[in-house]
Amino acid sequence: MPELPEVESIRRGLARRVRGDVIESVWLGEKPEPLKSPAPEIVATLEQARIAAVRRVGKHIVFDLESSQPSAISSQQEQVPRSARNDNSKRWDGHSQRKAQWIVHLGMTGRLVIAQPESKVARHTHAIVRLQSGRELRFVDPRRFGRLSVVRDPGGFAPGGQEPLGAGVRQFARLFRGRKTPIKSALLNQKLLRGVGNIYADESLYRAGIRPRRRASRLTGDELARLHRAVQQVLREAIRAGGSSVSDYVNADGDEGFFQFEHRVYGREGEPCRECRSAIKRVVIAGRSAHYCPKCQR
DNA sequence: AGGTTGACCTGGACGC
DNA sequence: TGCGTCCAGGTCAACC
C-alpha cells in the first residue's frame, strides 16, 4: 500500500497519539509470515517499554523504545528462552544500552490502527499492542506482505539507501552513475533511494520529462537535476495532501489522503495528458507497471 | 556483479 | 449469482 508520503502521514498520526505511552502487553497472531524477528523476542522487547518516539526510515515505521522501569525490562529479557534468540543478537544487558526499536513495514496492504479494546478485531489482524492509556495499536494486513521486527543493536535500525528528501542533487546524481538499469527500476531500488514506490516514481519521471525505460547511466546532468527536483516536489506535495488513497489506504486517524487527485500519469492509462492531451501509456518494466506520456517524456 | 523474473498473499473489479 | 482472469501502493530468492 504505502510509499513514503503515506508512511509519513501514518507516522505523524501515530506519533501524536502514542508517543510517551507504555506498552503493557502484546498479542501476536498464528500466521508467522508477518514476523521477521522471533515472536518471543518481539514480545519481550515491546512489553513494558515506553514509546519515546515514532520515526520513519524509508517505508519503515520505527518506534524508539526505552525502558519504563529499568528492572522490569531486564527481568523480561531473562524470560526469553535462550533457544529463541539468535546467537549473534546483542544482549540487552541492562547497562547504558536500554534502548530498542520496533520496526514495522506495511507491505502493500498493512495498516496500523488505534482502537479501543472493546472494538471488534478486524479480519487479518496479526498483532495487538495494548497500551497503558487503555487503547490498542493493531496491525492489520490482508496480504501479509508487511513485516514486524525488533532491533536491539546499539547501532539501531540501518537499512541502506538515501532518504530522498535528505539527499542533495550531487548525492542524488551519484546514486545512478554507471547503472544500466531503467531509471524507473533504479528509483524503486530501496538500496539507492529509500521510500520511493511505483506511484511516485512514475509521477516524478513525468514531472522531469524522462521516459521510465531510459537507462539510468545515460541521463544527462540536467536531467538528473530535474529528476532530483521532481522527486522532492512530488513527495513534499503528497505528504502535504496526506498521501494517495488508491484503494483502501487511510492514515492512523482513519482519514484518506487526497494526492490521488493530483496524479498526472499513475493509473491514467489511455486518458489524456494534462499538458498535451496525448493518451497516457502503460508498459511493464521489471514486472511493475509504468505510466508515462509519450510526448512529454523523452 | 548486477539486473530481471517469479513467488509470496488476499481481495476487488471486470467480463462472460 | 457465480466463476474465471487480471490487477494491486512491496520485497525477496532464484535465475541469467
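Every heavy atom of this structure was used, including side-chain atoms; hydrogens, water molecules and symmetry mates were not. Throughout, a chain's letter reflects where its sequence line sits, starting with A, and its residues are numbered from 1. The shown structure was predicted, so the numbers you read here are calculated from the model rather than taken from an experiment.
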>> Using the rule given for side-chain hydrogen bond (donor to acceptor under 3.5 Å, both in side chains), can you reason through A:Arg226 versus A:Ser204, listing the C-alpha separation, both sets of side-chain angles and the distance that settles it, and then say yes or no?
In response: CA-CA 9 Å; A:Arg226 265 159 37 208; A:Ser204 300; over 6 Å; no
Nearest to the side chain of [X], which nucleotide is it out of [options]?
| X | options | value |
| --- | --- | --- |
| A:Val246 | B:dT10, B:dG11, C:dG9 | C:dG9 |
| A:Thr181 | C:dG9, C:dT11, B:dT4 | B:dT4 |
| A:Glu6 | B:dT10, C:dG9, B:dT4 | C:dG9 |
| A:Lys59 | C:dG10, B:dT4, B:dT10 | C:dG10 |
| A:His105 | C:dA8, C:dT11, B:dT5 | C:dT11 |
| A:Glu3 | B:dT10, C:dG9, C:dC7 | C:dG9 |

>> With a 3.5 Å limit on both atom pairs, tell me what C:dT11 is paired to, counting Watson-Crick and G-U wobble, or say none.
In response: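 Result: B:dA7.
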> Using purine N1 to pyrimidine N3 plus N6-O4 or O6-N4 for Watson-Crick, or N1-O2 and O6-N3 for G-U wobble, each under 3.5 Å, what pairs with B:dA1?
Replying inline: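 With both distances under 3.5 Å required, B:dA1 matches none.
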Mind checking [X] for me? I need base, sugar-phosphate or nothing, with any heavy atom below 4.0 Å counting as a touch.
| X | result |
| --- | --- |
| A:Arg288 | base |
| A:Tyr200 | nothing |
| A:Pro34 | nothing |
| A:Arg123 | sugar-phosphate |

>> Classify the ring geometry of A:Tyr266 against A:His263: parallel below 30°, tilted from 30° to 60°, perpendicular beyond 60°.
In response: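 Answer is perpendicular, since the angle exceeds 60°.
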Gap in Å between the two [atom1] atoms, one belonging to [N] and one to [M], rounded:
| N | M | atom1 | answer |
| --- | --- | --- | --- |
| B:dA1 | C:dT11 | P | 24 Å |
| B:dC9 | C:dC3 | P | 24 Å |
| C:dC12 | B:dG11 | C1' | 22 Å |
| B:dG3 | C:dG9 | C1' | 23 Å |

> According to a strict under-4.0 Å criterion, is A:His124 in side-chain N/O contact with OP1 or OP2 of B:dG11?
Replying inline: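 Yes, such a contact exists.
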> Just to confirm, is there a sub-4.0 Å distance from OP1 or OP2 of C:dA8 to any side-chain nitrogen or oxygen of A:Ser289?
Replying inline: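 Yes, within the criterion.
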> So, A:Phe145 and B:dC8: ring centres less than 5.5 Å apart, planes less than 30° off, yes or no?
Replying inline: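 It does: the ring sits over the base of B:dC8.
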>> Does any part of the side chain of A:Leu187, heavy atoms only, come nearer than 4.5 Å to the side chain of A:Asn189, both counted from C-beta?
In response: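 Contact flag for A:Asn189/A:Leu187 side chains = no.
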> Rounded to the nearest 0.5 Å, how far does CD1 of A:Ile183 lie from CZ of A:Arg218?
Replying inline: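 Answer for the CZ-CD1 pair, A:Arg218 versus A:Ile183, is 13.0 Å.
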> To the nearest 0.5 Å, how far apart are CD in A:Glu41 and OG in A:Ser149?
Replying inline: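 Going from the CD atom of A:Glu41 to the OG atom of A:Ser149 covers 9.0 Å.
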> Taking CG from A:Leu106 and P from B:dC8, how many angstroms apart are they, rounded to a whole number?
Replying inline: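 A:Leu106 atom CG is separated from B:dC8 atom P by 23 Å.
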>> Using whole Å, what does the distance between atom P of nucleotide B:dG3 and atom NZ of A:Lys184 come to?
In response: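 The distance from NZ of A:Lys184 to P of B:dG3 comes to 16 Å, rounded to the nearest Å.
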> Would one find more than 12 heavy atoms of other residues, nucleotides or ligands at under 6.0 Å from atom CD of A:Glu275?
Replying inline: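 Result for CD/A:Glu275: open.
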> Going by modelled atom types, is there a donor-acceptor pair between the base of B:dC9 and the side chain of A:Arg143 at under 3.5 Å?
Replying inline: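 Looking at the base of B:dC9, it does pair with a donor or acceptor on the side chain of A:Arg143 (distance under 3.5 Å).
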